[in-house]
Protein chains: 2
Amino acid sequence: MMGDRTAVDRGNAVARPRRPLLSRDRIVAAALVLVDAEGLDAVSTRRLANELGVSGPSLYNHVATKEELIDSVVDAVLGEVDTSMFARLGGDDRDWRAALAAWAESYRATLAAHPNIVPVVAQGPGRRPHALRIADGVFGGLVAAGWPRREATRVGALMRYFVTGSALGSFAGGFPDDATVYEANYSHLGQAHLLAARQQEINESAFAVGLGALLDGLELRYRAVTSGGDAPAQVP
Amino acid sequence: MMGDRTAVDRGNAVARPRRPLLSRDRIVAAALVLVDAEGLDAVSTRRLANELGVSGPSLYNHVATKEELIDSVVDAVLGEVDTSMFARLGGDDRDWRAALAAWAESYRATLAAHPNIVPVVAQGPGRRPHALRIADGVFGGLVAAGWPRREATRVGALMRYFVTGSALGSFAGGFPDDATVYEANYSHLGQAHLLAARQQEINESAFAVGLGALLDGLELRYRAVTSGGDAPAQVP
DNA sequence: ACCTGAACACCGTTCAAGT
DNA sequence: ACCTGAACACCGTTCAAGT
């Protein structure tokens with residue numbers, strides 16, 4: 001599908017072409033397409049190179065290792081996460097709750113669009129520029145809205161736990177839709193085989209309920225740690 | 001370390017030994033040891049067989065595929081998760097909050113003991129017996145404590161999101177401890193290079209704060225969905 | 001029934017050779 | 001500088017052969 005390049009493009013010969021056939025961005029973009037379409041296991045260097053119309057080892061002129069490549073794919077995905085809501089916090093706008101909710105929805109929507117890469121995303125920020133941009137935005141916004149720094153770190157972490165966890169384990173979809181699995185073995189799961197069919201609704205409502213509960217709980221904590229008033233953000 | 005079997009054990013010859021050298025349980029146990037010690041990537045059929053003192057293909061007399069083997073390893077880990085607290089709910093004991101908290105701690109402690117397998121655990125219950133036992137226990141307990149069935153499904157799912165997410169992305173540990181990564185690029189992450197050193201404390205306090213917030217929020221919701229009284233559990 | 005070595009179709013990665 | 005094919009040390013899995 002992507003492998004049909006003309007002789008002109010290839011410089012009419014083997015070895016070095018007139019103009020580079022590859023670029024890091026093109027490789028990363030093709031890898032994401034492949035991950036989305038066929039899963040992480042489908043991304044082998046030979047297969048990916050094939051999609052790009054080159055031979056396997058060519059990739060190593062642009063990426064050091066496959067791991068680094070996957071990392072770049074993850075970073076490209078994280079680039080879609082909106083953190084602009086945090087920049088508006090501070091001064092008269094202290095509505096961290098609305099910002100956190102909007103960010104969580106954006107984060108989740110991004111991961112839901114690329115489910116096959118989520119297990120890698122969830123492992124931690126690493127050195128990925130967009131992961132750090134996100135952490136920076138969340139932390140900065142929370143502090144500007146009045147959260148003490150130590151608390152802001154925790155809130156950023158726990159929100160990430162919830163969002164990545166929900167994107168990863170699409171709860172309902174994991175249950176077999178074969179009723180005989182449950183019979184007589186699990187006394188309360190008599191209807192569990194129906195979960196698969198309703199999985200999207202269940203996952204979404206579980207996310208919505210969990211997000212709401214989390215924010216309600218954090219609101220109580222915010223009042224406690226800021227002594228109930230709207231104390232200014234602590235200085236570093 | 002595990003590969004030194006005597007000639008007696010091996011039946012003094014190749015081919016079929018007097019007594020089986022392998023069993024499914026022994027393979028699964030060895031795989032878990034290997035995963036814990038060296039990570040998921042270290043588990044290849046040849047390497048694992050080597051640890052067990054046999055040749056690679058021997059494993060296929062006991063497991064159908066490597067995927068099934070890893071699934072069994074995950075199930076063995078999930079076997080350590082305590083769900084007994086849910087069995088006590090119902091009748092006069094409606095303290096679902098305490099049960100949920102104790103379960104979440106047990107779940108998290110189990111995953112923390114086997115961090116390398118968490119990415120697989122987090123993907124969903126599948127057909128793994130212990131995953132279904134856990135889902136059954138949580139759901140049954142919540143319903144017995146008065147949660148409507150639809151809500152109980154959601155609460156079980158969202159709790160799992162939070163616990164697996166927190167076990168997966170050890171937030172603080174993911175940040176590089178190299179200060180130069182952040183300089184001038186991320187305005188609020190000036191101290192982020194210190195996160196790695198405090199990672200255990202941060203992860204644990206983020207988990208504790210998040211769990212508390214979640215339970216506080218769910219308490220509000222419980223009151224709303226049960227109309228403020230202690231209405232009996234709905235019948236199926 | 002349960003193990004073996006040989007073999008198949010793959011991997012990620014290195015490297016000398018080509019332009 | 002940027003591509004190629006050949007090669008290396010691996011994979012998961014199948015299978016005929018052995019007891």
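Scope of the values below: all heavy atoms of this structure, side chains included, with no hydrogens, waters or symmetry mates.
Candidate nucleotides C:dT14, D:dG12, D:dG5 were compared by shortest atom distance to the side chain of A:Y60, and C:dT14 ranks first. Distances from the side chain of B:L22 to the nucleotides C:dC3, C:dT13, D:dC3 place C:dC3 closest. In the set D:dC3, C:dT14, D:dG18, the nucleotide with an atom closest to the side chain of B:R16 is D:dG18. The side chain of A:H62 approaches D:dC2 more closely than any other nucleotide in the set D:dC2, D:dT4, D:dC15. Nearest to the side-chain atoms of B:T45 among the listed nucleotides C:dT14, C:dC2, D:dT13 stands D:dT13. Proximity note for B:N61 (side chain, C-beta onward) versus D:dT14, C:dG12, C:dC3: the nearest is C:dC3. Counting only heavy atoms from C-beta on, B:R46 has its side chain closest to D:dT13 among D:dT13, D:dC2, D:dA7.
Remark: A:R133 fails to qualify as a cation-pi partner of B:Y186 under the 6.0 Å distance and 45° angle criteria applied to the six-membered ring.
B:V43 comes within 4.0 angstrom of the backbone, heavy atoms only, and of no base.
Of the listed residues (A:V121, A:I117, A:V81), just one forms a side chain to side chain contact (heavy atoms under 4.5 Å, CB included) with A:L111, and that residue is A:V121.
A:S55 has no side-chain polar atom (N or O) that falls below the 4.0 Å cut-off from OP1 or OP2 of D:dC3. One finds a side-chain N or O of B:S58 lying less than 4.0 angstrom from the OP1 or OP2 phosphate oxygen of C:dT4.
Summarising the geometry, the separation between CG on A:L34 and P on C:dC11 is reported as 11 Å, rounded to the nearest angstrom. Note: CG (B:D41) to P (C:dG12) measures 12 Å, nearest angstrom. Computed from coordinates, the B:L21 CG to C:dA1 C1' distance equals 12 Å when rounded to whole Å.
Between A:F139 and A:F86, the distance separating the two ring centers is not shorter than 6.0 angstrom. Ring pair A:Y161/B:Y161: centre-to-centre distance not below 6.0 Å.
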